[in-house]
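Below is one structure; the comments refer to it alone.
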Amino acid sequence: MKKICVLGLGYIGLPTASILATQGYQVLGVDINPRVVDLLNKGRVHIVEPDLDTVLSAAVKSGHLKAARRPANADVFMICVPTPLLPNSKKADLRAVKAAAESIVPYLRSGNLVVVESTIPPDTTEGLVIPILEKSGLRAGSQILVAHCPERVLPGRILTEMVQNHRIIGGLNAKSLAATSGIYKSFVKGEIFETDLKTAELTKLLENSYRDINIAFANEVSQICEQSGIDPWRAIELANKHPRVRILSPGPGVGGHCIAVDPWFLVERFPTQARLIRTARLVNDDRPEQVVARVVSAASHLKNARICCLGITYKADVDDIRESPALEVAQRLKKRFGSSVAISDPFVPSLDGKRLPSWKKGIANADIVVLLVDHREFRSIPLTLLRRKTVIDTRGVWKSLEKN
Ligand code: SAJ
């Protein structure tokens, strides 16, 4: 059976490595973080994702999955490292991709396949990755096969979507496409669509930009409604009764390591053309400040208002606080109101080394309750607990309450 080396054991690499191992491949997961490596070798996960712990521990027990800090010889190398934005800029930070590609150069052999799953700007595979791989002395296309197969799984549903979703594979040539399709067909139930490298790179960015623009529209609708005293949730619900309208949900902004980041890769490459994409990013990035302004205004009507922020993850039912607009709101409120602000999140037990209170305690002590994340647990909070409180519900969970 083929040996596969998966570089990067995060939200994508870890489930990918686990699923491949359960298909019988001999998988080596590589990560620069020793804690992640140690945990995996003990059969444990470092992130919260439904069912991942079960699949991973089974894979490790079977002897098909191991982790290390450095790569080793393999038939296939999969690059699943993060591609955030460079600090204080809206430009792609490709340092992890570069480092991962460089790390496998000493282990490349003729006939190997290298697949990039990380989200990257168009031309990155040909312009950055392939020149690095060719430092091995092997020629891409003939001696090393190269493909880009962008991940498209939704955090919170990763294991299901990794198997069920259709996949786009961009290949350097027909041989690269055939080899890559062979690997993905072993565990993907969705259809596999083949194309060239650049189209695959662009397609992934289009998907996330499309969603960002649609969320920006919902957020703009919400602002229009707030301005005119209309309930945005009701207006959207009614507009969505049209057979060709499907407005998404407004919220405190867009977070996570994908949608808040990837559209900028297009703006960076196509500054003149990507006008709508840039505007959507700006609209969504403005949201946390708008929520803060609502809370400040509510607090100005109360004496020494105590505020409880419910939820700081970037979306419901995940533990990820990267690029989280909810966290941004909570931190800005904390900066302004200090110890009068309590934060509670069932997925984040502590923040900055301090334990966070339960939502029950947070709500009980508060005058203003700000719902920032629609975790399932928050949806079932008894509304009686919110009586006589000022409620700012940024997710439309307690619709009936806000009207009162
Ligand atoms: N959000 C809203 N309103 C909505 C939907 C989402 O405010 O109606 C917010 C969420 O609260 C969150 C953000 O947008 O802060 C993004 O959440 P999401 O669930 O839309 O997407 P992600 O970032 O968790 O995952 C996305 C997915 N892309 C698309 O749906 C096009 C996923 O399929 C990708 O694999 C993933 O990005 C990625 O890794 O690129």
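All values derive from a computational prediction rather than experimental measurement. Any value given below was found using the heavy atoms of this structure, including those in side chains, with hydrogens, waters and symmetry copies removed. Start at 1 and go down the list; that is how both ligands and their atoms are numbered. Sequential numbering from 1 along the given sequence is applied to the chain's residues.
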Query - Residue pairs, two or more places apart or on separate chains, that pass ring-ring contact (aromatic ring centres under 6.0 Å, His included) and touch residues 314-357 - result: F347-H375
**Report entry** Sequence-distant partners of E194, salt bridge (charged side-chain N to carboxylate O under 4.0 Å, His left out), two or more places apart
**Finding:** none
Requested in this report: With sequence neighbours left out, write down each residue that passes ring pair (Phe, Tyr, Trp, His ring centres under 6.0 Å) with F187, or none if nothing qualifies.
Outcome: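 Counting only residues at least two positions away or on another chain, F187 forms a ring pair (Phe, Tyr, Trp, His ring centres under 6.0 Å) with Y184.
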**Report entry** D196-T199 side chain donor-acceptor pair, cut-off 3.5 Å
**Finding:**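 There is such a pair (donor and acceptor under 3.5 Å, judged by atom type) between the side chains of D196 and T199.
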Query raised in the report: Got a donor-acceptor contact below 3.5 angstrom from the E49 side chain to the I158 backbone?
Result: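 Yes, the answer is positive, given that a donor and an acceptor are paired below the 3.5 Å cut-off.
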Query raised in the report: Under a 4.0 Å heavy-atom cut-off, which residues neighbour ligand 1?
Result: E151, R152, V153, L154, P155, K204, E207, N208, R211, I215, L248, S249, G253, V254, G255, C258, I259, D262, Y314, K315, R395
Report task. Please report the C-alpha distance between H166 and F193 in whole Å, then the side-chain angles of each, then the deciding distance to 0.1 Å, and finally whether the ring pair (Phe, Tyr, Trp, His ring centres under 6.0 Å) criterion is met. Result -> CA-CA 8 Å; H166 302 319; F193 297 93; 5.8 Å; yes
